[in-house]
Amino acid sequence: ICFFFFKQKTAYEIFSVTGVQTCALPIYWALLATSVALALLGALVIEVLSNRFQPQAVTTFLVALLAVPFMALSQIRQTALQGLNHIIEGQLPGTLIRPLLFIILIGGAYFFLGWRVSAPSAMGMQVVTAAVAFLAGAILLQRRLPLSVKEASPSYEIRAWMRSALPLLFISGIAVINQCTDILMLGALKGAEDAGIYRAATRGAMLIPFMLGIVNTVIGPTVSNLYAEGDLKRLQRVVTRSEERRVGKECRSRWSPYH
């Protein structure tokens with residue numbers, strides 16, 4: 001919920017210098033309350049269905065829920081930095097700091113401390129890395145936030161935000177179902193070990209649409225600003241040129257002699 005609610009157009013407009021200037025603190029409190037409530041609801045469901053899972057799996061699920069608030073708020077921080085056209089800073093905590101710190105933690109625990117890393121302990125490390133990544137992103141956002149935004153009076157456009165959020169709810173929900181259905185089915189049929197191996201393989205296949213993800217991340221704030229300003233002709237040129245470059249790079253990569 002916290003991911004789609006202010007993603008893309010809404011978040012870019014809220015935290016854009018040319019868009020709506022508003023106080024971010026109430027948004028953070030609302031998202032924090034929502035994410036905590038969803039985590040508690042998830043914990044209740046897991047407890048009710050705990051007899052269907054192994055004890056270690058139940059513990060892993062419960063530990064994972066601790067990361068929900070950090071991940072939810074991190075998504076808002078990421079889209080805020082993207083809306084301010086700080087693309088690299090927006091991606092840095094989630095794509096570099098968090099996985100690198102997790103590798104250091106799990107590698108240090110295994111090679112230097114001699115721990116037998118279990119699923120709950122590995123998930124606990126994920127929670128720690130999510131918290132550190134959130135704090136790093138919050139510091140970056142505080143440094144990059146324009147003074148005009150800090151001094152602006154709160155202004156809310158709830159109806160407009162809801163109109164943007166509801167379609168994103170449907171799209172994001174379908175995307176999550178599409179990404180997780182095969183793993184859940186394999187886990188139910190073959191077990192967690194086979195599902196984990198399959199998950200690692202599918203992560204490697206994510207390199208195929210890699211260029212599309214880069215293009216969407218970079219031009220997202222520009223598309224939002226141009227749409228908010230009503231400059232549809234320039235918006236069309238930006239989208240057309242970005243797609244031409246993306247398709248060209250993918251074609252060169254696919255049919256290169258080293259592919």
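In what follows, every heavy atom counts, from backbone to side chain, and hydrogens, waters and symmetry copies are set aside.
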I'd like to check [X] versus [Y] (side-chain heavy atoms, cut-off strictly below 4.5 Å). Are they in contact?
X: Phe70; Y: Val132; result: no
X: Leu49; Y: Arg52; result: yes
X: Leu73; Y: Ser35; result: no

Next on the checklist: Would a single hydrophobic cluster contain both Leu32 and Leu135, if residues Ile, Leu, Val, Met, Phe, Trp and Tyr are joined by side-chain heavy-atom contacts under 4.5 Å?
Outcome noted: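 Per the 4.5 Å side-chain linkage, Leu135 and Leu32 are co-clustered.
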Checklist entry - Any link between Leu105 and Phe111 through a network of hydrophobic side chains (Ile, Leu, Val, Met, Phe, Trp, Tyr) touching at under 4.5 Å? => result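 Yes, Leu105 connects to Phe111 through the hydrophobic network.
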Roughly how far, to the nearest 0.5 Å, is [atom2] of [Y] from [atom1] of [X]?
X: Glu89; Y: Arg77; atom1: CD; atom2: CZ; result: 10.5 Å
X: Ile106; Y: Leu101; atom1: CD1; atom2: CG; result: 11.5 Å
X: Phe112; Y: Ile104; atom1: CZ; atom2: CD1; result: 10.5 Å
X: Gln179; Y: Ile174; atom1: CD; atom2: CD1; result: 11.5 Å
X: Asp194; Y: Leu189; atom1: CG; atom2: CG; result: 10.5 Å
X: Thr202; Y: Leu186; atom1: OG1; atom2: CG; result: 10.0 Å

Minimum heavy-atom distance [X]-[Y], with the two atoms named:
X: Gly42; Y: Leu65; result: C-CD1, 3.6 Å
X: Pro99; Y: Gly94; result: CD-O, 3.4 Å
X: Ala39; Y: Val68; result: CB-CB, 4.4 Å
X: Ala130; Y: Ala67; result: CB-CB, 4.3 Å
X: Phe102; Y: Ala122; result: CE1-O, 3.5 Å
X: Val36; Y: Pro69; result: CG2-CG, 4.0 Å

Item to check | Residues which pass ring-ring contact (aromatic ring centres under 6.0 Å, His included) with Phe61, listed by chain and number, not counting sequence neighbours | outcome: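 Counting only residues at least two positions away or on another chain, Phe61 forms a ring-ring contact (aromatic ring centres under 6.0 Å, His included) with Phe53.
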Next on the checklist: Please evaluate residues Met71 and Arg98 with respect to the criterion side chain to side chain contact (heavy atoms under 4.5 Å, CB included), reporting the C-alpha separation (whole Å), side-chain torsions for both, the decisive distance (0.1 Å), and the verdict.
Outcome noted: CA-CA 11 Å; Met71 296 179 66; Arg98 183 182 175 187; 3.8 Å; yes
Checklist entry - Given the rule in the side chain to side chain donor-acceptor pair (under 3.5 Å) test, do Thr240 and Gln236 qualify, once you have shown the distances and angles that lead to the verdict? => result CA-CA 6 Å; Thr240 301; Gln236 181 62 58; 2.9 Å; yes
Next on the checklist: I'd like to know whether Glu47 forms a side chain to side chain contact (heavy atoms under 4.5 Å, CB included) with Leu62, so could you lay out the CA-CA distance, the side-chain angles of the two residues, the decisive distance to 0.1 Å, and finally the verdict.
Outcome noted: CA-CA 9 Å; Glu47 286 295 331; Leu62 293 176; 3.5 Å; yes
Checklist entry - Who are the side chain to side chain donor-acceptor pair (under 3.5 Å) partners of Ser121, not counting sequence neighbours? => result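 Counting only residues at least two positions away or on another chain, Ser121 forms a side chain to side chain donor-acceptor pair (under 3.5 Å) with Ser118.
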Item to check | side-chain contact (heavy atoms from CB on, under 4.5 Å) against Thr60, all qualifying residues, sequence neighbours excluded | outcome: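 In terms of side-chain contact (heavy atoms from CB on, under 4.5 Å), with neighbours along the sequence ignored, Thr60 is linked to Gln56, Ala119, Pro120, Met123.
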Item to check | Met125 CE: over 12 foreign heavy atoms closer than 6.0 Å | outcome: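 Atom CE in Met125 is packed in, count exceeds 12.
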